Amino acid sequence: MADELRLRAEGPEDLDAFSAALQDAVLKIGDVSYDPKTRRFTALINRFRWEKAGKKGPYERIRAGLSFESVSSVKSTHVQRTDKEAIASILSLAFDADKEPPSGALRVVLAGGGEIRLAVECIDAVLVDTGPAWKTPRKPFHGKL
């Protein structure tokens with residue numbers, strides 16, 4: 001499909017587009033994995049298509065794959081990792097550079113105060129829609145009316 005999103009991030013300046021595309025994506029904890037041998041973190045998500053959202057619905061979500069390479073460790077706070085069916089909602093993506101860039105910490109900030117923190121040697125990320133999209137009647141809301 002021609003309107004599938006395909007993003008690649010290779011530096012901190014690329015992460016704003018990632019963060020915008022990931023805002024309000026939902027994922028099952030069981031769809032998140034880290035392979036220390038390949039040093040790859042992956043997640044399958046249901047992404048809200050902000051780039052297609054107008055003022056009135058119906059709106060769309062689409063299945064997408066997210067991966068980060070060169071990951072040396074993964075830590076989480078306020079994430080129910082033992083419940084593989086638990087749902088988490090992504091608020092944003094942030095990067096805290098180490099004193100010696102390009103290494104640092106990629107933070108996947110979750111609703112409810114949760115966070116997944118990836119220690120990375122450098123930013124090497126891919127976000128790809130795997131389609132097809134489906135209709136949803138609700139648009140995520142942040143703030144006052």
Side-chain angles (χ1 to χ4, degrees), residues 1-55 59-136 138-144:
M1 293 189 286
D3 62 347
E4 290 180 345
L5 186 69
R6 294 178 176 273
L7 295 177
R8 179 165 186 86
E10 296 179 336
E13 65 280 355
D14 300 329
L15 292 179
D16 286 344
F18 261 67
S19 187
L22 290 170
Q23 183 177 356
D24 299 308
V26 293
L27 56 88
K28 282 199 306 188
I29 296 304
D31 289 339
V32 174
S33 68
Y34 172 58
D35 183 349
K37 284 187 179 183
T38 61
R39 303 177 65 213
R40 179 180 296 130
F41 174 90
T42 59
L44 291 173
I45 63 172
N46 294 334
R47 190 176 73 75
F48 185 83
R49 296 182 85 185
W50 283 106
E51 70 277 12
K52 301 270 184 190
K55 291 189 180 216
Y59 306 105
E60 293 181 344
R61 285 195 176 269
I62 192 165
R63 191 76 162 155
L66 174 65
S67 72
F68 296 100
E69 306 292 330
S70 303
V71 178
S72 57
S73 70
V74 176
K75 296 181 180 176
S76 62
T77 55
H78 304 292
V79 175
Q80 184 63 5
R81 294 180 308 184
T82 57
D83 182 0
K84 301 301 182 194
E85 296 298 313
I87 303 293
S89 179
I90 298 174
L91 293 180
S92 64
L93 184 66
F95 180 69
D96 300 326
D98 286 344
K99 290 181 183 179
E100 296 291 326
S103 63
L106 272 163
R107 295 184 298 116
V108 181
V109 181
L110 306 172
E115 182 175 284
I116 302 170
R117 188 177 186 89
L118 314 175
V120 297
E121 286 183 11
C122 61
I123 295 173
D124 185 0
V126 174
L127 174 63
V128 178
D129 287 345
T130 60
W134 66 90
K135 303 287 184 205
T136 181
R138 291 182 183 82
K139 180 179 181 181
F141 177 72
H142 303 277
K144 297 179 181 179

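Values in this document were obtained by computation on a predicted structure and should not be read as measured data.
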K.L.:
Would you sort out whether Leu66 and Val108 count as a side-chain contact (heavy atoms from CB on, under 4.5 Å), showing the intermediate values?
P.N.:
CA-CA 11 Å; Leu66 174 65; Val108 181; 5.5 Å; no

K.L.:
Answer yes when Arg117 and Asp96 have at least one side-chain N-carboxylate O distance shorter than 4.0 Å, and no when they do not.
P.N.:
yes

K.L.:
Minimum heavy-atom separation for Pro36 and Tyr34, please, with both atom names.
P.N.:
CD-O, 3.5 Å

K.L.:
Taking only residues two or more places apart in sequence, or in another chain, which ones meet Thr42 in a side chain to side chain donor-acceptor pair (under 3.5 Å)?
P.N.:
Ser33

K.L.:
Can you tell me how far CD of Glu51 sits from CG of Leu5, rounded to the nearest 0.5 angstrom?
P.N.:
5.5 Å

K.L.:
Heavy atoms only: give me the nearest Pro12-Ile123 pair and the separation to one decimal.
P.N.:
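Pro12 and Ile123 have their closest heavy atoms at N-CD1, 3.4 Å.
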
K.L.:
Could you check whether atom CD of Glu13 has more than 12 heavy atoms from other residues, nucleotides or ligands sitting under 6.0 Å from it?
P.N.:
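Above 12, so yes.
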
K.L.:
Output the distance between atom OG1 (Thr130) and atom CZ (Arg6), rounded to the nearest 0.5 Å.
P.N.:
9.5 Å

K.L.:
Under the salt bridge (charged side-chain N to carboxylate O under 4.0 Å, His left out) criterion, do Glu115 and Lys75 qualify, and how do the steps go?
P.N.:
CA-CA 8 Å; Glu115 182 175 284; Lys75 296 181 180 176; over 6 Å; no

K.L.:
If the condition is side chain to side chain donor-acceptor pair (under 3.5 Å), which residues does Ser103 pass it with, not counting sequence neighbours?
P.N.:
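In terms of side chain to side chain donor-acceptor pair (under 3.5 Å), with neighbours along the sequence ignored, Ser103 is linked to Asp98.
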
K.L.:
Distance from Phe68 atom CZ to Asp124 atom CG, nearest 0.5 Å?
P.N.:
10.0 Å

K.L.:
Nearest heavy-atom pair of Arg81 and Ser76: which atoms, and what distance?
P.N.:
CD-OG, 3.2 Å

K.L.:
Can you find a pair of side-chain heavy atoms, one from Val32 and one from Phe41, that are under 4.5 Å apart?
P.N.:
yes

K.L.:
Just how far is it from atom CD of Glu60 to atom CZ of Phe48, taken to the nearest 0.5 Å?
P.N.:
9.0 Å

K.L.:
Distance check, rounded to the nearest 0.5 Å: Glu69 atom CD versus Glu10 atom CD?
P.N.:
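Separation between the atoms: 11.5 Å.
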
K.L.:
Could Asp24 and Arg61 be called an ion pair, given the rule that one side-chain N must be under 4.0 Å from one carboxylate O?
P.N.:
no

K.L.:
Examine distances only and state if a side-chain atom of Tyr59 and a backbone atom of Lys52 form a donor-acceptor pair shorter than 3.5 Å.
P.N.:
no

K.L.:
Under 3.5 Å, side chain of Trp50 to main-chain N/O of Gln23, donor-acceptor pair present?
P.N.:
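Yes: the side chain of Trp50 pairs with the backbone of Gln23.
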
K.L.:
Taking it one step at a time, do Phe95 and Val120 satisfy side-chain contact (heavy atoms from CB on, under 4.5 Å)?
P.N.:
CA-CA 10 Å; Phe95 180 69; Val120 297; 3.9 Å; yes

K.L.:
Might you point out which heavy atoms bring Ala88 and Leu110 nearest each other, and give the distance in Å?
P.N.:
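Minimum heavy-atom contact is CB-CD1, 4.1 Å.
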
K.L.:
Check step by step if side-chain contact (heavy atoms from CB on, under 4.5 Å) holds for Ile62 and Asn46.
P.N.:
CA-CA 5 Å; Ile62 192 165; Asn46 294 334; over 6 Å; no

K.L.:
Applying side-chain contact (heavy atoms from CB on, under 4.5 Å) to Arg63 and Leu44, what does each step give before you reach the verdict?
P.N.:
CA-CA 7 Å; Arg63 191 76 162 155; Leu44 291 173; 3.5 Å; yes

K.L.:
Heavy atoms only: give me the nearest Lys139-Gly54 pair and the separation to one decimal.
P.N.:
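The pair with the smallest heavy-atom distance is NZ-O, 3.4 Å.
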
K.L.:
Among Leu27, Leu7, Ile45, find the residue that satisfies the side-chain contact (heavy atoms from CB on, under 4.5 Å) test when tested with Leu22.
P.N.:
Ile45

K.L.:
To check you understand the geometry: which heavy-atom pair defines the closest contact between Gly113 and His78, and what is its length?
P.N.:
O-CD2, 3.5 Å

K.L.:
Salt bridge or not for Lys28 and Glu85, using N-O below 4.0 Å?
P.N.:
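Salt bridge between Lys28 and Glu85, a charged N being under 4.0 Å from a carboxylate O: yes.
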
K.L.:
How many angstroms lie between CD1 in Ile90 and CZ in Phe18, if you round to the nearest 0.5 Å?
P.N.:
11.5 Å

K.L.:
Is a salt bridge present between Arg47 and Asp129, judged by a nitrogen-to-oxygen distance below 4.0 Å?
P.N.:
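Salt bridge between Arg47 and Asp129, a charged N being under 4.0 Å from a carboxylate O: yes.
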
K.L.:
Any salt bridge linking Asp14 with Arg8? Criterion: basic side-chain nitrogen under 4.0 Å from a carboxylate oxygen.
P.N.:
no

